[in-house]
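Each residue takes its place number in the sequence, starting with 1. Counting starts at 1 for both ligands and their atoms, following the listed order.
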Amino acid sequence: AAKDAGRDQFQLHSLALDEAMQTEAGTRALLEQALQENRLVLYYQPVVSSAGAVIGVEALIRLQHPERGLLPPAAFFSALDHPRLARSIGRFVLNAALHQAALWQEAGHPLRVSVNISTRHLLDARFLEDLQEMLAKYPGLRPELVEIEITESAPLRDMPEAQRLLVACHRLGVRVALDDFGTGNASLTYLQQLPADSIKIDQSFVRDVIDDPKDLAIVTAVITASRMLGMNVIAEGVETADHVDLLVKTGCNHLQGYFFSKPIPAEDVPAWVAHFRPAPRTKDSLHPLNI
Ligand code: C2E
Ligand code: MG
Ligand code: MG
Ligand code: MG
């Protein structure tokens, strides 16, 4: 359709990668080409509970570059949210993540898989169709094993519409998380108005939570409000045992970060889950052994 509308004016291979990544059009070409050539890959990062259970995994996109190897989304951020690409990428990621979740479920180790959905794709008129189509494609997959993480790319101007969409996701049995909580334009409004099962506290608040009383105050307030609203709270960017201690003590019930595991390839996930054993609790906390 609108596929070749002025795209090929950009010949990526004729540019150095660094040069390409400096322009929006270059980044877009990089991502578009990777999508066409099937060089987008999902890695999966475990999420664990404060009680030491594995809650699920978050699907995180990477781009396999012929010369540079795996590129993280930071290398093509602006393109992920391009009006013409947000939906194609979202469809690719939904398909790949739900397929993987169905395979894990069939293999006897069901795992919840969280998928990052940009608000641009969420607000696309075809988002619900896309989600339904992918769920129908993997009919054995229990929908409650699927969670969408709403990442604010475009502001959610139309709050009633966003509410309607998230309610519709719940009707399909899919769970909803608000990602990067605290960084958007209207976080408290989102908490108040959007029906979500979980919120994810952005790692920028977690990083210095041990030493910075302001960060601790914010994290504590967010945890308290969310728990009172009956939501799960996931701390992102949990890197140390001290993070775990403090966050669990503050009431955070789910944790995600390098302390437990970096994002790993799909084939490594079952073994990671099988070997994850929180050590006996010391200081109100949990420590991973085999990772
Ligand atoms: P996010 O959804 O908030 O994902 C968490 C990011 O934090 C991931 O970065 C993860 O690798 C990183 N991370 C996890 N634990 C730690 C830690 O302990 N320390 C530090 N410093 N970082 C940690 P990643 O994979 O580079 O993804 C970055 C962002 O790109 C994601 O943030 C998300 O907003 C976006 N993204 C990733 N995959 C997708 C996707 O499939 N679709 C869309 N639309 N966006 C995606
Ligand atoms: Mg996320
Ligand atoms: Mg996040
Ligand atoms: Mg984040």
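- Between Pro263 and ligand 1 there is a heavy-atom distance shorter than 4.0 Å.
- Salt bridge status for Arg126 with Asp124: present, with a side-chain N to carboxylate O gap under 4.0 Å.
- Restricting Glu58 to its N/O/S atoms, the shortest distance to the Mg ion (ligand 2) is reached by OE2.
- Contact annotation for Tyr43 and ligand 1: no heavy atom of the residue comes within less than 4.0 Å of the ligand.
- What you find for Pro195 and His170 is that their closest heavy atoms are O-CE1, 3.3 Å.
- Contact atoms of ligand 1 toward Glu239: 17 (C), 18 (O), 19 (N), 20 (C), 21 (N) (distance under 4.0 Å to a heavy atom of the residue).
- Looking at Leu60 against ligand 1, both its backbone and its side chain come within 4.0 Å, counting heavy atoms.
- Nearest-residue assignment for atom 3 (O) of ligand 1 (options Asp202, Asp180, Thr183; heavy-atom criterion): Asp180.
- Some N or O of Asp179 is nearer than 3.5 Å to an N or O of ligand 1, by distance alone.
- Contact annotation: for Val93 versus ligand 1, heavy atoms closer than 4.0 Å belong to the side chain alone.
- Taking 2.8 Å as the criterion, Asp180 does not count as a coordinating residue of the Mg ion (ligand 2), since none of its N, O or S atoms falls below it.
- Contacts with ligand 1 closer than 4.0 Å are made by side-chain heavy atoms of Gln45 only, the backbone lying farther away.
- In terms of modelled atom types and a separation under 3.5 Å, the side chain of Arg39 and the main chain of Gln36 share no donor-acceptor contact.
- When non-hydrogen atoms are compared, ligand 1 lies under 4.0 Å from the side chain of Glu236 (C-beta onward) but not from its backbone.
- The distance from the CG atom of Leu111 to the OH atom of Tyr44 is 10.5 Å, given to the nearest 0.5 Å.
- A 4.5 Å side-chain heavy-atom check between His65 and Leu30 finds at least one atom pair inside the cut-off.
- Defined by atom type and a distance below 3.5 Å, a donor-acceptor pair is missing between the side-chain atoms of Thr240 and Asp242.
- A donor atom on one side chain and an acceptor atom on the other are found under 3.5 Å apart for Tyr190 and Glu152.
- For the pair Leu40 and Ile89, the minimum side-chain heavy-atom distance is below 4.5 Å.
- Counting just the N/O/S atoms of Glu149, the one with the shortest distance to the Mg ion (ligand 2) is named OE1.
- Using a 4.0 Å heavy-atom cutoff, Glu58 is listed among the residues neighbouring ligand 1.
- In summary, the side chains of Asn38 and Gln64 do not present any donor paired with an acceptor at a separation below 3.5 Å, with no hydrogens or angles considered.
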Inset, instruction - Please assess Ile150 against Asp179 for the test side-chain contact (heavy atoms from CB on, under 4.5 Å), listing each intermediate value before the final yes or no. - result: CA-CA 6 Å; Ile150 306 303; Asp179 204 354; 5.9 Å; no
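- Classification of the His121-Phe127 ring pair by plane angle, with boundaries at 30° and 60°, yields perpendicular.
- With a heavy-atom cut-off of 4.0 Å, Gln203 touches ligand 1 through its side chain alone.
- Near Gly257, meaning under 4.0 Å from any of its heavy atoms, are these atoms of ligand 1: 15 (N), 18 (O).
- Each of the atoms 29 (C), 30 (O), 35 (C) of ligand 1 lies under 4.0 Å from some heavy atom of Phe77.
- The Mg ion (ligand 3) lies under 2.8 Å from an N, O or S atom belonging to Asp179.
- In summary, the atoms of ligand 1 found under 4.0 Å from a heavy atom of Thr151, numbered by their order in the structure, are 34 (O).
- For residue Asn116, an N/O/S atom approaches the Mg ion (ligand 2) to within less than 2.8 Å.
- Neither the backbone nor the side chain of Lys200 has a heavy atom within less than 4.0 Å of ligand 1.
- Test Leu165, Val115, Leu172 against Leu131 for side chain to side chain contact (heavy atoms under 4.5 Å, CB included) and you get one pass: Leu172.
- In this structure the side chain of Asp180 reaches within 4.5 angstrom of the side chain of Glu236, judged on heavy atoms.
- Leu122 and Ile117 get closest at one heavy-atom pair: N-CG2, 3.9 Å.
- In Ile61, the parts holding a heavy atom less than 4.0 Å from any atom of ligand 1 are both the side chain and the backbone.
- Residue Arg62 touches ligand 1 through its side chain alone, judged by heavy-atom distances below 4.0 Å.
- With 2.8 Å as the limit, Glu236 does not count as an N, O or S neighbour of the Mg ion (ligand 2).
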